[in-house]
2 protein chains.
Amino acid sequence: MDAVQDEAAGKRARGLDRAFEILDFLRQKRQALKPNEIAAQIGAPRSSVYELVNLLLQHGILEFTGGEGRVYLGRKLYFLGAAYENHFDFTRECEATLEQLADETRETAQFCMLDGNRYTVVRMREGARPFRISTDVGQSVPIPWTASGRLLVAHLSDQEILNFIPPQDFRLPNGEWLEPQTFIAEVRQAEREGLFTFNSIVDSFTHCFAVPVRGEEGHAAATLCLVTPRDDGIANRDRYLDCLKKAAAGLEHAPARPKRG
Amino acid sequence: MDAVQDEAAGKRARGLDRAFEILDFLRQKRQALKPNEIAAQIGAPRSSVYELVNLLLQHGILEFTGGEGRVYLGRKLYFLGAAYENHFDFTRECEATLEQLADETRETAQFCMLDGNRYTVVRMREGARPFRISTDVGQSVPIPWTASGRLLVAHLSDQEILNFIPPQDFRLPNGEWLEPQTFIAEVRQAEREGLFTFNSIVDSFTHCFAVPVRGEEGHAAATLCLVTPRDDGIANRDRYLDCLKKAAAGLEHAPARPKRG
DNA sequence: ATCATATGTACGCTATATTGGACATTGATG
DNA sequence: CATCAATGTCCAATATAGCGTACATATGAT
């Protein structure tokens, strides 16, 4: 039920948990690593990591690549992910929506979701500007660092939010501490208004717009975002929000909805 | 190394193995199932399956969907699969190649790979015909049923092939038994000629063409295929093979090659 | 030559994960 | 009402998986 089990030290970890920890770690690193390096960097016993890596290799969940015994995510994961994508068929409409958004605004448009208890950009379309703004797709980012984050946790109670977000994620990239109560207040505001915008926390020159894409349960299953230069964002605020809301409305029947349900 | 470990009865299964068995099973079924159903259909203890399903749900590897406690593959798998696809960046060129092939031949073009010890269609492009031929993408099929199968195992020795392919996969869909030695002879022939074509085993009206897409190690990392009506296939054999070979040559620098290696 | 670090393998101990079976609930059926 | 099948939860027993540790090898620095 809760995610506070690995805090207790000295316990033996379950193979499954360690295995997915390895997979997540490789995803974050986005490169092949030696089992030894993995063990060291995630702080797991070397013998356990070697055993697990070998098991995962046999399943095609990991693959040798990059030489010297380095491993990375395997083909089987691609197949499983493709099956997921095929079942919850949001990709096609999503791609079209982002393209339209980028055309209308000439700004960078993103489709974002929660990845466990963090935030991630699932799809992105760069705007048609001389200097384009882009971010890494597929990287996990602390929820409080992002505009979308305010929307993606809005269905939770205050206490649930505090339990859900890792405490250290309230430490902003510039070192400042974001008071959780401040964050929650912004969440509630975003929930009331059905949108959230701010000057980005992670850099000094962008403004971010986010609106929810509601799933079957009525809460934000995803968000659509625009990332703009601050001047442009503030100048075009109303128009941009209008584009976003229309785009989100168009998607609301696609995401997290089984294909032939 | 070998896949002959779960034959021994009475042994306790490892959680990891069972977990991936569940994931593969859901992928095959391509629909959400109750834990109980999963347990019954894969022949695993119910209590184990319930425990594993709950663990996988916590990790986002499985998700509740379809109601009544049914579960299916989860978002996390999509993220991991996307990371794989991003690393071995074959998708883009592959898509373009299939489109060109379908344009040139007006037949159905496929990009196929091994999924463990079976065969699967990774990408497909339907031809521009009044009656189009298509197959399921992402379904695992016995290697001996397919033209591509002859090419995908050609780098193995005879004995390795026999160890690699599950014995029951030599039973063809019409009930006939394909003698493994016959299959191996076809493999060697395909290896020499760098292609394989035949009237499909799985139906009575198609002809299949397959050529290898060679990876770094020099053996077939994937195949490109055309699936055609028998008449057309035989009439256009030389031209089709020419198109396939050119397309494969164009891909040979893309698949299974790390992006920024 | 000596030491330190990185990498992979082998093995025994023991905490625990897997498992069978008991139990509870629901709904359909005769 | 009695019975049966389907579904999910709980629990104790024990086979074993995870872990610490020792060992083997290679590489590079001092």
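Everything numeric in this text was worked out from a predicted model, so none of it was measured. Every chain is numbered from 1, with letters handed out A, B, ... down the list of sequences.
At least one donor-acceptor pair under 3.5 Å links the side chain of A:Glu252 to the backbone N or O of A:Arg214.
Salt bridge present: B:Asp24 and A:Lys76 bring a charged side-chain N and a carboxylate O closer than 4.0 Å. The pair A:Arg92-A:Glu85 does not meet the salt-bridge criterion, since no charged nitrogen lies less than 4.0 angstrom from a carboxylate oxygen.
In this entry the distance linking CG of B:Asp17 with C1' of C:dA17 reads 14 Å, nearest Å. Taking atom CG of residue A:Asn36 and atom P of nucleotide C:dA6, one finds them 8 Å apart after rounding to whole Å. The distance between atom OH of B:Tyr50 and atom C1' of C:dA24, rounded to the nearest whole Å, is 13 Å. Here the C1' atom of nucleotide D:dA6 and the CD1 atom of B:Ile38 are 15 Å apart, to the nearest Å. The interatomic distance linking A:Leu33 (CG) with C:dG8 (C1') rounds to 16 Å, in whole Å. Residue B:Glu37 contributes atom CD, which lies 10 Å from atom C1' of D:dA6 at whole-angstrom precision.
Partners of A:Glu63 according to the salt bridge (Lys or Arg N to Asp or Glu O under 4.0 Å) rule, which considers only residues two or more places apart in sequence or in another chain, do not exist here.
Sorted by first and then second residue, the ring pair (Phe, Tyr, Trp, His ring centres under 6.0 Å) pairs involving residues 17-42 of chain A (not counting sequence neighbours) are A:Phe20-B:His59.
Counting heavy atoms of neighbouring residues, nucleotides and ligands inside a 6.0 Å radius, atom CD of B:Glu176 does not exceed 12 of them.
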Open item on the list: Across nucleotides 18-27 of chain D, 5' to 3', mark each nucleotide with B, S or - according to how protein heavy atoms within less than 4.0 Å reach it.
Closed with: BBB-B-----
